[in-house]
Amino acid sequence: MATANKNLSVYDKSTIPNAKNLRFGIVVSEWNPEITEGLYSGAHDALVDCGALEKNILRWNVPGSFELTFGCKKMISSQKVDAVIAIGSVIQGETKHFDFVCGATAKGIMDLNVNGDIPVIFCVLTDDNLQQAQERSGGKHGNKGTEAAIAAIKMALLGR
């Protein structure tokens with residue numbers, strides 16, 4: 001497992017460019033809010049820690065992870081952002097619904113990256129159970145939202 005014995009929240013701030021002059025969008029799924037709110041907090045706090053100004057962090061909510069692609073697309077087309085972070089959580093259930101939502105969401109976000117000029121960071125947890133999601137959204141493995149924020153800063157600067 002990629003996160004085994006790894007804390008996702010650990011980064012060396014001295015190696016991260018200052019984000020003061022960057023504007024970030026964060027699109028957050030309302031499904032599994034106990035997870036997505038933790039991911040949002042990790043992303044938001046890391047952006048601010050790396051110099052992003054509160055006024056330059058824009059948040060939009062969408063109903064679920066499947067809707068993240070459309071939310072990110074609309075944010076890119078209507079707001080002046082340097083990068084967007086797509087935050088969601090899909091937890092395996094008893095049906096194939098998990099596979100369809102995860103695959104479509106990943107492909108949609110990939111398509112935005114391939115076809116657009118604004119980086120969209122994939123911060124969608126696709127876990128087998130709630131415990132795994134908790135461990136990656138502020139638990140023993142840290143916070144995937146923090147990792148996504150660092151990626152957003154680096155990719156925003158790459159895109160300039």
Side-chain angles (χ1 to χ4, degrees), residues 2-3 6-90 101-127 133 135-139 141-160:
T3 55
K6 183 175 182 184
N7 186 319
L8 302 171
S9 300
V10 176
Y11 60 92
D12 180 355
K13 189 174 169 181
S14 70
T15 66
I16 310 301
N18 189 293
K20 180 180 180 183
N21 296 318
L22 298 172
R23 183 168 160 86
F24 298 94
I26 306 176
V27 181
V28 182
S29 167
E30 294 173 331
W31 195 257
N32 293 326
E34 66 279 13
I35 304 304
T36 59
E37 289 303 319
L39 294 169
Y40 171 78
S41 293
H44 176 272
D45 293 350
L47 290 172
V48 171
D49 184 50
C50 291
L53 304 175
E54 288 283 349
K55 68 180 183 176
N56 290 334
I57 302 172
L58 175 64
R59 176 184 172 150
W60 286 4
N61 290 341
V62 295
S65 291
F66 191 84
E67 292 78 23
L68 286 169
T69 301
F70 184 78
C72 292
K73 176 182 157 187
K74 293 307 277 184
M75 182 175 279
I76 289 167
S77 69
S78 67
Q79 306 296 315
K80 187 176 171 69
V81 292
D82 296 295
V84 176
I85 302 169
I87 292 178
S89 171
V90 186
V101 172
C102 293
T105 303
K107 178 153 182 1
I109 292 172
M110 180 194 73
D111 287 347
L112 290 174
N113 281 298
V114 169
N115 298 316
D117 293 325
I118 302 298
V120 180
I121 308 304
F122 186 82
C123 183
V124 180
L125 298 183
T126 56
D127 295 303
E135 290 171 351
R136 289 157 182 79
S137 61
H141 290 302
N143 195 312
K144 185 74 173 170
T146 301
E147 184 180 283
I150 301 307
I153 295 167
K154 292 178 178 181
M155 293 304 294
L157 291 170
L158 183 67
R160 282 193 162 179

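Every heavy atom of this structure was used, including side-chain atoms; hydrogens, water molecules and symmetry mates were not.
Within the 4.5 Å cutoff, the side chain of E30 has no heavy atoms near those of the T36 side chain. Put simply, the side chain of N143 reaches to within 4.5 Å of the side chain of L39, judged on heavy atoms. Here the side chains of T105 and V90 are not in contact, with every heavy-atom distance at 4.5 Å or above. Side-chain contact between Y11 and I153 is absent, with no heavy-atom pair separated by less than 4.5 Å. In this structure, the side chains of K74 and Q79 stay at 4.5 Å or more apart for every pair of heavy atoms. Side chains of F70 and V62 form no contact here, defined as non-hydrogen atoms less than 4.5 Å apart. In this structure, the side chains of M110 and V114 come closer than 4.5 Å at one or more pairs of heavy atoms. The shortest distance between side-chain heavy atoms of T69 and V120 does not fall below 4.5 Å.
Within the model, atoms NE2 of H141 and OG of S9 stand 11.5 Å from one another, a figure rounded to the nearest 0.5 Å. Taking CG from L157 and CG from L22, the interatomic distance works out to 5.0 Å, rounded to the nearest 0.5 Å. Going from atom CD1 of I57 over to atom CG of D45 covers 9.0 Å, rounded to the nearest 0.5 Å. A distance of 11.0 Å separates CD1 in I76 from CG in D82, rounded to the nearest 0.5 Å. If you take OG on S89 and CZ on R136, they are separated by 11.0 Å, rounding to the nearest 0.5 Å. Rounded to the nearest 0.5 angstrom, I121 CD1 and K154 NZ are separated by 11.0 Å.
Scanning all heavy atoms of the two residues, the minimum distance from A83 to A156 falls at CB-CB, 4.0 Å. The two residues F24 and V81 come nearest to each other via the heavy atoms C-CG1, 4.1 Å. The two residues A86 and I109 come nearest to each other via the heavy atoms CB-CD1, 3.5 Å. V101 and F66 get closest at one heavy-atom pair: CG1-N, 4.2 Å. N113 approaches P119 most closely through the heavy-atom pair OD1-CA, 3.4 Å. Between L47 and I85, the shortest heavy-atom contact is CD1-CD1, 4.3 Å.
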Steps toward side-chain contact (heavy atoms from CB on, under 4.5 Å) verdict (E54, H44): CA-CA 9 Å; E54 288 283 349; H44 176 272; 2.9 Å; yes
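A salt bridge links R59 with E37: the distance from a Lys NZ or Arg NE/NH1/NH2 to an Asp or Glu carboxylate oxygen falls below 4.0 Å.
Annotation for W60: atom CH2 counts as buried by contact number, over 12 foreign heavy atoms lying within 6.0 Å.
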